[in-house]
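Working notes, beginning with the structure itself.
We name chains A, B, ... by the order of the sequence lines, and we start the count at 1 in each one. Computed from a predicted model, the values in this text were never measured in an experiment.
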Amino acid sequence: MASVGQPPSLKRRDAPVSREGDQLIITPLGAGNEVGRSCVYMSYKGKTILFDCGIHPAYSGMAALPYFDEIDPSAIDVLLITHFHLDHAASLPYFLEKTTFKGRVFMTHATKAIYKLLLTDYVKVSKVSVEDMLFDEQDINRSMDKIEVLDFHQTVEVNGIKFWCYTAGHVLGAAMFMVDIAGVRVLYTGDYSREEDRHLRAAELPQFSPDICIIESTYGVQLHQPRNIREKRFTDVIHSTISQGGRVLIPAFALGRAQELLLILDEYWSNHPEFHNIPIYYASPLAKKCMAVYQTYILSMNERIRNQFANSNPFKFKHISPLNSIDDFSDVGPSVVMASPGGLQSGLSRQLFDIWCSDKKNACVIPGYVVEGTLAKTIISEPKEVTLMNGLTAPLNMQVHYISFSAHADYAQTSTFLKELMPPNIILVHGESHEMGRLKTKLMTELADCNTKIITPKNCQSVEMYFNSEKMAKTIGRLAEKTPEVGETVSGILVKKGFTYQIMAPDDLHIFSQLSTANITQRITVPYSGAFGVIKYRLEQIYESVESSTDEESGVPTLRVHDRVTLKQDSEKHISMHWTSDPISDMVSDSVVALVLNINREVPKVVVESEAIKSEEESGKKAEKVIHALLVSLFGDVKLGGNGKVVINVDGNVAHLDKQSGDVESENEGLKERVKTAFMRIQRAVKPIPLSAP
Amino acid sequence: MGTSVQVTPLSGVFNENPLSYLVSIDGFNFLIDCGWNDHFDPSLLQPLSKVASTIDAVLLSHPDTLHLGALPYAMKQLGLSAPVFSTEPVYRLGLLTMYDQYLSRRQVSEFDLFTLDDIDSAFQSVTRLTYSQNYHLSGEGIVVAPHVAGHLLGGTVWKITKDGEDVIYAVDYNRRKEKHLNGTVLESFVRPAVLITDAYNALHNQPPRQQREMFQDAISKTLRAGGNVLLPVDSAGRVLELLLILEDYWAEHSLNYPIYFLTYVSSSTIDYVKSFLEWMGDSITKSFETSRDNAFLLKHVTLLINKSELDNAPDGPKLVLASMASLEAGFSHDIFVEWASDVKNLVLFTERGQFGTLARMLQADPPPKAVKVTMSRRVPLVGEELIAYEEEQTRLKKEEALKASLVKEEESKASLGPDNNLSGDPMVIDANNANASADVVEPHGGRYRDILIDGFVPPSTSVAPMFPFYENNSEWDDFGEVINPDDYIIKDEDMDQAAMHIGGDDGKLDEGSASLILDAKPSKVVQVKCLLIFIDYEGRADGRSIKTILSHVAPLKLVLVHGSAEATEHLKQHCLKHVCPHVYTPQIEETIDVTSDLCAYKVQLSEKLMSNVLFKKLGDYEIAWVDAEVGKTENGMLSLLPISTPAPPHKSVLVGDLKMADLKPFLSSKGIQVEFAGGALRCGEYVTIRKVGPAGQKGGGSGTQQIVIEGPLCEDYYKIRAYLYSQFYLL
């Protein structure tokens with residue numbers, strides 16, 4: 001069912017091929033066999049969705065972007081952002097402001113509030129040349145107006161695409177998106193964690209199993225230590241360091257895990273009154289700004305914190321004070337400082353590190369994933385000496401502890417999640433390729449008996465799948481008063497809204513939809529000064545049914561042609577005609593008008609018989625020509641074959657059409673049907689109209 | 001056939017009583033709303049008590065007493081045990097509203113219909129949903145989804161869906177976008193099978209938007225003149241909007257008169273509301289996203305949770321928002337009594353009071369010159385009143401003590417000794433009895449209690465007996481008036497001068513005054529000299545917009561509830577004429593069947609058929625004419641196949657909604673002179689286009705627009721006809 005291949009282009013093509021409607025394409029534009037610049041493209045039934053819009057932290061400028069040039073941004077209907085981290089959201093201002101994208105963007109409330117702060121900070125901090133800047137602060141502000149918010153579980157429908165999100169547990173506001181297009185469901189997890197921590201809920205298990213699950217694989221087959229053990233190690237380190245009069249440095253990224261650590265510290269301090277004179281500082285202006293967001297979007301956090309909220313806001317820390325710069329810091333005696341950046345590259349965390357690193361009483365706790373090449377990564381291996389910012393070297397005597405609080409799923413969580421969800425197709429993204437490979441192998445063995453497909457596409461490598469969705473329609477109203485038997489015919493208006501179909505009688509249209517129907521009555525006066533009887537006589541020669549009567553109100557004589565058009569002698573100089581618009585009546589009325597005018601002009605009498613026969617032959621030939629021309633315009637390659645048959649050749653599929661009987665022979669069913677219908681329609685258009693219609 | 005739907009009102013039809021309706025969908029019983037009024041009259045819950053045990057799920061729509069007040073009582077006493085669904089704010093603010101109600105009631109009588117614990121346990125079973133969350137009730141095939149109602153924070157329009165048929169419950173919605181709320185999304189639902197809605201405001205039309213100026217003028221005038229302003233408000237509903245309006249006004253005009261928000265739960269209300277930003281209007285969320293300004297970080301408003309704080313506030317003009325809005329109990333009642341007699345003061349009502357309450361009475365036109373209010377304890381008596389009161393005291397004191405110890409006994413189960421003196425005095429009991437029964441008669445007769453009733457009234461049909469309580473008298477005789485001061489700790493501010501001075505030390509209540517708090521029943525005629533103003537800030541759609549919305553939603557069947565008899569009848573007539581032919585106005589406990597008589601069956605659309613269907617796009621819809629032959633799929637489903645014989649010709653259908661107002665500019669853009677003349681559109685010199693027949697009616701009637709085009713035979717005629725045709729799709 002699924003295959004990996006490289007289509008020529010993902011840009012929307014004009015002429016849909018028959019099977020394309022059922023084809024679902026998923027292409028990672030970033031985060032395919034890598035970590036960073038998450039961006040996954042998906043298209044099904046002409047609807048296009050983009051999940052996440054990140055940048056790659058290791059690159060700068062355009063190189064950090066996902067491969068946007070693979071797609072046509074203007075064709076995207078919906079863009080969904082899972083959470084505020086740079087590798088998931090930071091190319092959004094670029095995508096919104098610098099491309100032809102004109103769809104709608106959604107994220108959760110908390111994500112949107114932090115997104116702005118984080119990206120504004122990112123623009124200020126990143127020191128790249130102006131040409132390399134992907135966007136500036138104004139772009140961010142403008143993008144804010146275009147971003148729409150949604151709440152967890154809230155179902156939103158855009159152009160027939162239904163989607164809603166579940167808690168992902170990774171950071172505040174992190175979401176997993178479930179998308180439903182015409183009954184095919186796709187779950188995109190973004191970064192998620194199935195473990196509840198101090199403030200976040202664990203990722204939810206969706207109520208319905210998706211057809212495809214696009215899942216992160218950051219930690220591959222690794223396993224996390226249980227949370228309580230990690231927390232104990234963390235507090236123990238701090239406890240012993242403080243008791244010995246040392247200082248603790250915690251380099252951490254301003255948002256996400258930092259809040260979790262602050263909660264742990266604040267609670268630990270509350271339980272240990274002996275520490276109340278030991279200050280805890282958190283030094284990040286960004287974190288301080290974001291505190292308001294954390295204090296507000298309590299509802300997306302777990303029960304525990306919401307219950308605490310009943311007494312007081314747990315994010316109003318009692319024992320933690322903010323620190324703006326190192327100048328405000330009086331380094332007298334033991335203290336705990338949490339400072340950014342997490343990698344100790346520069347800034348306050350580095351300044352403090354330089355001061356404290358040579359004292360063995362001090363400790364440094366690295367609380368999460370650190371990037372290769374940063375000082376934080378270096379000191380984990382506990383070298384003897386480190387290079388300070390001023391270029392000198394100093395002995396590294398302080399204790400270094402690596403205790404990961406990273407909120408990504410580990411192997412245990414991933415495999416349980418997938419086992420409970422049982423998606424028939426799994427697409428792994430957001431993981432280094434070797435981790436991903438190992439995860440795939442391990443999952444394959446674990447899910448061996450479930451016939452699950454696991455695919456690990458690289459960037460720009462498309463996964464194609466086919467879903468044959470049955471189109472179901474509901475026949476309602478008058479048309480459905482009786483359920484029909486096999487072989488009976490059903491005629492009515494098919495109304496499609498989104499991906500739902502209804503069939504109804506025209507009279508019911510206004511009841512079941514917002515559409516309404518109309519009748520147009522036409523009334524036209526034609527100058528005519530002859531006798532009314534003449535008209536009647538002429539009409540009877542042409543039409544089969546002409547009834548005469550008198551008008552009830554005015555008493556003038558009237559004529560009714562085929563129960564459609566009524567003629568009335570209004571005055572001596574005029575007759576009036578009225579009828580209800582529809583193509584046949586319009587034609588009848590036209591011919592009546594022509595006839596009346598002809599009488600007026602007293603043009604010679606009726607046409608000669610032989611002429612009619614001749615014209616019949618002529619019209620036969622003419623019809624032949626018209627049919628051919630129309631077929632050519634529809635199918636292109638149309639040749640006349642033997643026995644009055646027409647050979648039609650479309651993309652290598654050949655169909656033979658018998659013009660007499662209308663029979664079509666072809667290998668290709670689709671083409672056969674098309675030709676058959678086309679021919680039927682053409683014939684109907686060319687042949688005379690039956691007037692026996694109701 | 002469609003899904004079976006039955007509606008049985010349990011309370012709140014043909015009047016303005018609390019709302020409570022039983023909606024049964026294919027045998028699954030929903031209780032939608034579970035309201036009570038500010039009198040907590042158990043007789044109102046009679047119909048509910050009969051069906052409470054059969055309820056399968058409870059849906060709450062708004063966080064106020066009228067919509068959820070009876071939940072704790074019903075859960076505790078009536079055997080209601082179904083899961084409850086509401087939005088997070090309805091859950092939270094509803095809980096706080098009930099706390100506030102309880103504490104206010106508790107202040108003036110030994111209110112024992114439910115306790116704080118009952119409230120907690122009732123709300124424990126609430127499942128919280130977010131707006132537009134499709135919650136699948138397991139096993140029933142029913143999906144419930146809350147949608148924005150716009151009246152109160154978290155307020156809900158419920159959509160219940162089964163088999164593609166929607167039942168919508170929408171009461172107290174607001175179309176207008178407000179400071180803290182978005183307008184309702186009710187209009188986005190079209191052609192639901194059933195719509196249950198209220199007629200509460202059908203006869204009210206809001207004046208055009210000068211209300212804000214009036215509101216601000218009234219307040220600032222009074223304050224400048226040195227008077228105080230009292231706004232009787234609900235605990236956690238409309239008050240939020242008022243707070244924001246006041247905040248803005250104060251900031252704009254840099255006023256520095258103090259604003260106090262006084263309810264028992266004011267500080268936690270605001271704390272919670274601060275974390276409900278995702279439920280509020282766009283402007284609030286937007287301002288938070290960009291500048292992190294939480295609109296409910298109130299800069300000018302002081303939150304108070306007891307009245308002594310207000311009394312200790314510096315003198316001078318001030319504005320107080322106090323609960324309850326009905327003035328029946330709570331802080332607003334006390335403040336009203338204090339302030340009413342001063343001409344400088346202003347009592348500003350922002351919503352119509354519940355029927356039969358003091359607030360409603362004061363809103364009468366012309367307002368009463370004096371009202372007799374039930375005084376449990378608060379107003380200092382002076383002069384003759386005082387003397388009269390003191391004379392009564394000897395007798396009363398014994399009586400109160402008896403009751404106090406009774407109450408005490410009931411509450412704490414502490415075995416209090418018997419009191420021989422009192423139990424032996426039949427006079428006391430008789431007096432009591434007479435008193436009680438006299439009071440009880442009224443609520444039995446008419447549902448609305450007269451405002452002039454003296455003293456507090458024990459709920460007549462309360463399941464738990466209140467007093468007197470004869471059986472146990474042997475137990476409490478020995479100890480006499482044993483009173484545990486802890487019981488009265490929240491009952492500060494005893495202003496009974498017989499016992500102590502105003503503003504006296506709240507903690508130290510002697511036995512006498514403590515008993516007086518419980519059941520001192522003097523009533524007082526309060527001279528209403530202050531200014532009374534009513535400015536509508538109810539935040540409900542008014543009559544006009546109700547009608548617009550209804551004709552837009554155009555349900556197949558419409559059920560009208562909650563509204564005075566006149567309003568209900570008025571709206572019914574209107575809807576019969578303009579909305580749909582099936583309008584129901586059930587009586588209490590009358591079950592009406594609104595099962596749709598809609599026929600429907602499902603068919604599969606075969607690939608073959610669909611490949612030949614050419615859709616035409618019309619707004620959100622795509623339409624096409626199909627002629628198909630019925631076949632069967634392998635698994636027995638009906639399926640539609642392309643027709644084998646030439647399709648019979650069918651009457652052609654013109655689809656489209658022609659608006660004359662749109663046609664005019666369209667034609668003139670095509671270079672035709674157009675003007676309206678006598679209801680018709682004159683095009684060019686001779687041709688006219690008219691719309692005839694009943695306009696505006698949807699749902700019922702023929703529903704087809706009748707358009708007439710007339711003119712002499714000329715070129716223009718055909719040209720204009722072609723333009724007219726271009727407005728439609730021909731099928």
Between [options], the one whose heavy-atom pairs under 4.5 Å with chain A are most numerous:
options: B/C714, B/P146, B/P642, B/S132; answer: B/S132
options: B/L605, B/V687, B/I623; answer: B/L605
options: B/T285, B/L724, B/T290; answer: B/T290
options: B/P712, B/G631, B/A145; answer: B/P712
options: B/F728, B/W279, B/Y725; answer: B/Y725
options: B/L297, B/L641, B/V655, B/L277; answer: B/V655

Original post:
Between B/H136 and A/F208, is a ring-ring contact (aromatic ring centres under 6.0 Å, His included) present by the stated rule, with each step listed?
Top reply: CA-CA 11 Å; B/H136 296 251; A/F208 313 100; 4.9 Å; yes

Need one label for [X]: side chain, backbone, both or neither, based on atoms under 4.5 Å from any heavy atom in chain A.
X: B/Y601; answer: both
X: B/V190; answer: side chain
X: B/D163; answer: backbone
X: B/V653; answer: side chain
X: B/N294; answer: side chain

**OP:** Could you give me the CA-CA distance, side-chain angles and deciding distance for A/Y297 and B/F288, then say whether ring-ring contact (aromatic ring centres under 6.0 Å, His included) is met?
**Re:** CA-CA 11 Å; A/Y297 292 115; B/F288 181 74; 5.6 Å; yes

For [X], does the [atom1] atom sit with more than 12 other heavy atoms under 6.0 Å from it, leaving out its own atoms?
X: B/K617; atom1: NZ; result: yes
X: B/Y723; atom1: OH; result: yes
X: A/K162; atom1: NZ; result: no

If you tally heavy-atom pairs under 4.5 Å against chain B, which of [options] wins?
options: A/A292, A/S491, A/A678; answer: A/S491
options: A/A113, A/G492, A/P527; answer: A/G492
options: A/I476, A/I524, A/D145; answer: A/I524
options: A/L117, A/L479, A/N141; answer: A/L117
options: A/N313, A/V486, A/T580, A/N159; answer: A/V486
options: A/D582, A/T677, A/V490; answer: A/V490

Can you find a pair of side-chain heavy atoms, one from [X] and one from [Y], that are under 4.5 Å apart?
X: A/T517; Y: B/Y729; result: no
X: A/T489; Y: B/D627; result: no
X: A/N519; Y: B/L654; result: no
X: A/Q522; Y: B/R721; result: yes
X: B/L730; Y: A/P583; result: yes
X: B/I709; Y: A/I520; result: yes
X: B/E278; Y: A/T108; result: no
X: A/K289; Y: B/R292; result: yes

Region of [X] in contact with chain B, defined by heavy-atom distances below 4.5 Å:
X: A/Y501; value: side chain
X: A/I147; value: neither
X: A/E485; value: backbone
X: A/K676; value: neither
X: A/K116; value: side chain
X: A/T155; value: both
X: A/S581; value: both
X: A/V593; value: side chain
X: A/V149; value: side chain
X: A/M472; value: both
X: A/L509; value: side chain

Original post:
Where do B/L640 and A/I503 land on the side chain to side chain contact (heavy atoms under 4.5 Å, CB included) test, with the steps shown first?
Top reply: CA-CA 11 Å; B/L640 293 184; A/I503 302 174; 3.3 Å; yes

Could you measure the distance from the [atom1] atom of [X] to the [atom2] atom of [Y]? Nearest 0.5 Å is fine.
X: B/Q133; Y: A/H153; atom1: CD; atom2: NE2; value: 5.0 Å
X: A/L150; Y: B/Y131; atom1: CG; atom2: OH; value: 15.5 Å
X: B/L614; Y: A/L494; atom1: CG; atom2: CG; value: 11.5 Å
X: B/K602; Y: A/T475; atom1: NZ; atom2: OG1; value: 11.0 Å
X: A/S589; Y: B/L713; atom1: OG; atom2: CG; value: 10.0 Å
X: B/S268; Y: A/N311; atom1: OG; atom2: CG; value: 10.0 Å

Original post:
Nearest heavy-atom pair of B/S275 and A/Q295: which atoms, and what distance?
Top reply: CB-O, 4.4 Å

**OP:** Provide the closest heavy-atom pair for A/M144 versus B/E289 in the form atom of the first, atom of the second, distance.
**Re:** CE-CB, 3.7 Å

**OP:** Check step by step if side chain to side chain contact (heavy atoms under 4.5 Å, CB included) holds for A/D586 and B/Y718.
**Re:** CA-CA 11 Å; A/D586 283 2; B/Y718 289 97; over 6 Å; no

**OP:** Applying side chain to side chain contact (heavy atoms under 4.5 Å, CB included), run through B/F615 and A/K496 and close with a yes or a no.
**Re:** CA-CA 8 Å; B/F615 279 109; A/K496 178 185 176 196; 3.8 Å; yes

Subject >> Criterion side chain to side chain contact (heavy atoms under 4.5 Å, CB included) on A/L299 and B/T130, from CA distance to verdict >> reply: CA-CA 10 Å; A/L299 288 185; B/T130 49; over 6 Å; no

Original post:
Is any side-chain N of the basic residue among A/R306 and B/E88 closer than 4.0 Å to the acidic one's carboxylate O?
Top reply: yes

